[in-house]
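Worksheet: the structure to be examined is printed underneath.
Order of the sequence lines sets the chain letters (A, B, ...), proteins ahead of strands, with each chain counted from 1. No hydrogens, no waters, no symmetry mates; every other heavy atom, side chains included, goes into these values. Everything quoted here is computed from the prediction, not taken from an experiment.
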There are 2 protein chains.
Amino acid sequence: MVEQLPISTPLDLVFHALADPTRRAMLHALSNGERTVGELAEPFAMSLAGASKHVKALESAGLIRREVKGRQHLCRLDAARLADAAQWLSFYERFWTERLNVLDALLREEDAQSDTQGDQR
Amino acid sequence: MVEQLPISTPLDLVFHALADPTRRAMLHALSNGERTVGELAEPFAMSLAGASKHVKALESAGLIRREVKGRQHLCRLDAARLADAAQWLSFYERFWTERLNVLDALLREEDAQSDTQGDQR
DNA sequence: AAGTTGCTCAACCATGAGGTTGAATATCTG
DNA sequence: CAGATATTCAACCTCATGGTTGAGCAACTT
């Protein structure tokens with residue numbers, strides 16, 4: 001069976017946006033309130049145009065919203081897509097929860113006893 | 001002040017690994033138990049070498065571990081780095097929690113009343 | 001009107017990512 | 001030993017990414 005994957009999902013864009021430390025830092029800045037593109041760019045050793053591209057990436061991923069106010073662009077966090085990412089991750093929560101690891105160990109012991117049948121594939 | 005960013009953090013690698021639907025699907029497959037590289041590759045319309053690169057990306061990000069068993073490589077999920085990602089996201093949880101949005105609305109009302117001072121910058 | 005400011009756009013460049021193919025390697029099977 | 005199987009490696013291609021610079025364009029300021 002050949003799985004057909006979509007060209008680019010929202011989750012792709014979100015995770016890709018988060019994969020860059022500059023963009024994560026920008027999100028963090030926005031967690032303290034609205035910021036203009038210039039304010040977002042200021043902390044980084046990078047041209048304004050470069051930083052502007054990062055802002056655009058965040059916007060395309062739906063992580064921020066922009067309100068043009070005169071000549072400056074006011075950006076603010078939009079956490080809905082972050083919630084999507086968190087929800088995706090939450091599926092795996094049981095794998096890092098200590099409690100379940102203990103249960104897992106118990107199940108392994110049972111597997112070691114009744115060892116003849118295949119696994120859960 | 002110019003912020004100096006590290007070349008590549010673990011979180012960069014994790015989010016980058018998660019930004020690809022093939023790799024996310026592989027992780028999902030691994031949530032059902034150990035898989036060989038061949039088994040991980042099978043669902044995709046892609047050469048084995050191509051899929052093997054994805055597996056390598058997941059491994060470099062620390063999302064999976066590999067145990068060479070004869071000629072096949074057995075992979076299993078390692079969720080610790082997923083937990084790191086989830087923890088990073090959890091910082092923003094308050095922005096998508098409904099309760100806080102209500103509180104936010106209340107604060108906005110207060111702001112509308114005492115409007116003269118600057119914001120929280 | 002003229003200048004400055006805030007930002008985007010377009011062109012460009014270097015690098016890396018995702019894919020391919022073909023060969024190499026190591027292991028299992030007969 | 002010979003062949004098949006599981007996987008990686010190396011070389012290559014194409015396209016995207018992250019950065020630059022220079023120009024363009026609104027919108028404020030004087």
Side-chain angles (χ1 to χ4, degrees), chain A residues 2-9 11-27 29-30 34-61 63-76 121, chain B residues 2-9 11-27 29-30 34-61 63-76 121:
Chain A
V2 171
E3 200 153 318
Q4 193 59 17
L5 292 170
I7 354 91
S8 189
T9 73
L11 214 46
D12 291 7
L13 290 175
V14 169
F15 279 131
H16 174 252
L18 297 182
D20 187 287
T22 301
R23 291 192 287 261
R24 288 200 306 276
M26 284 178 166
L27 285 182
L30 289 172
E34 298 186 338
R35 294 288 184 274
T36 69
V37 171
E39 288 171 334
L40 286 175
E42 187 265 339
F44 304 104
M46 182 185 306
S47 69
L48 181 64
S52 168
K53 282 193 183 180
H54 283 295
V55 173
K56 199 179 188 177
L58 289 168
E59 194 183 16
S60 318
L63 292 173
I64 70 176
R65 304 199 151 212
R66 177 193 309 239
E67 182 187 357
V68 180
K69 204 135 197 169
R71 58 185 160 177
Q72 44 194 14
H73 296 200
L74 222 47
C75 303
R76 70 179 186 291
R121 224 153 301 176
Chain B
V2 171
E3 200 153 318
Q4 194 55 22
L5 291 169
I7 353 90
S8 189
T9 73
L11 214 47
D12 291 7
L13 290 173
V14 169
F15 280 131
H16 175 251
L18 296 182
D20 186 287
T22 302
R23 291 192 287 261
R24 288 201 304 276
M26 284 177 167
L27 285 182
L30 289 172
E34 296 186 337
R35 295 288 185 275
T36 69
V37 171
E39 288 171 336
L40 286 175
E42 186 264 340
F44 304 104
M46 182 187 304
S47 69
L48 182 64
S52 168
K53 282 193 183 182
H54 283 296
V55 173
K56 200 179 187 177
L58 289 168
E59 195 184 16
S60 318
L63 292 172
I64 70 175
R65 302 200 152 213
R66 180 194 306 242
E67 182 187 359
V68 180
K69 203 134 196 169
R71 58 184 160 178
Q72 47 195 12
H73 295 199
L74 223 47
C75 303
R76 69 180 188 292
R121 223 152 299 176

In whole angstrom, what separates B:Leu58's CG from D:dT7's C1'? 16 Å
For the pair made of CG in A:Leu13 and C1' in D:dA16, what is the distance, rounded to whole Å? 13 Å
Holding to side-chain hydrogen bond (donor to acceptor under 3.5 Å, both in side chains), I want the full list of residues that pass it with B:His54, two or more places apart in sequence or in another chain. B:Arg23
Report yes if some heavy atom in the side chain of A:Thr36 is under 4.5 Å from a heavy atom in the side chain of A:Glu42; otherwise report no. no
In whole Å, I'd like the distance from the CD atom of B:Gln72 to the P atom of D:dA4. 19 Å
pair B:Val14-B:Thr9: side-chain heavy atoms closer than 4.5 Å: no
Distance check: side-chain N/O of A:Thr36 vs OP1/OP2 of C:dC7, anything under 4.0 Å? yes
Can you list everything that forms a salt bridge (charged side-chain N to carboxylate O under 4.0 Å, His left out) with B:Arg71? Sequence neighbours excluded, please. none
Min side-chain heavy-atom separation A:Leu18-B:Asp12 under 4.5 Å: no
In B/S/- notation (B base, S sugar-phosphate only, - none; protein heavy atoms under 4.0 Å), nucleotides 12-26 of chain C written 5' to 3' is -----SSBBB-----
In Å, rounded to the nearest 0.5 Å, how long is the span from CD of A:Glu34 to SG of A:Cys75? 9.0 Å
Does a side-chain N or O of B:Lys69 approach OP1 or OP2 of D:dA6 to a distance below 4.0 Å, or not? no
Can you measure A:His73 atom NE2 to C:dT5 atom C1' for me and round it to whole angstrom units? 12 Å
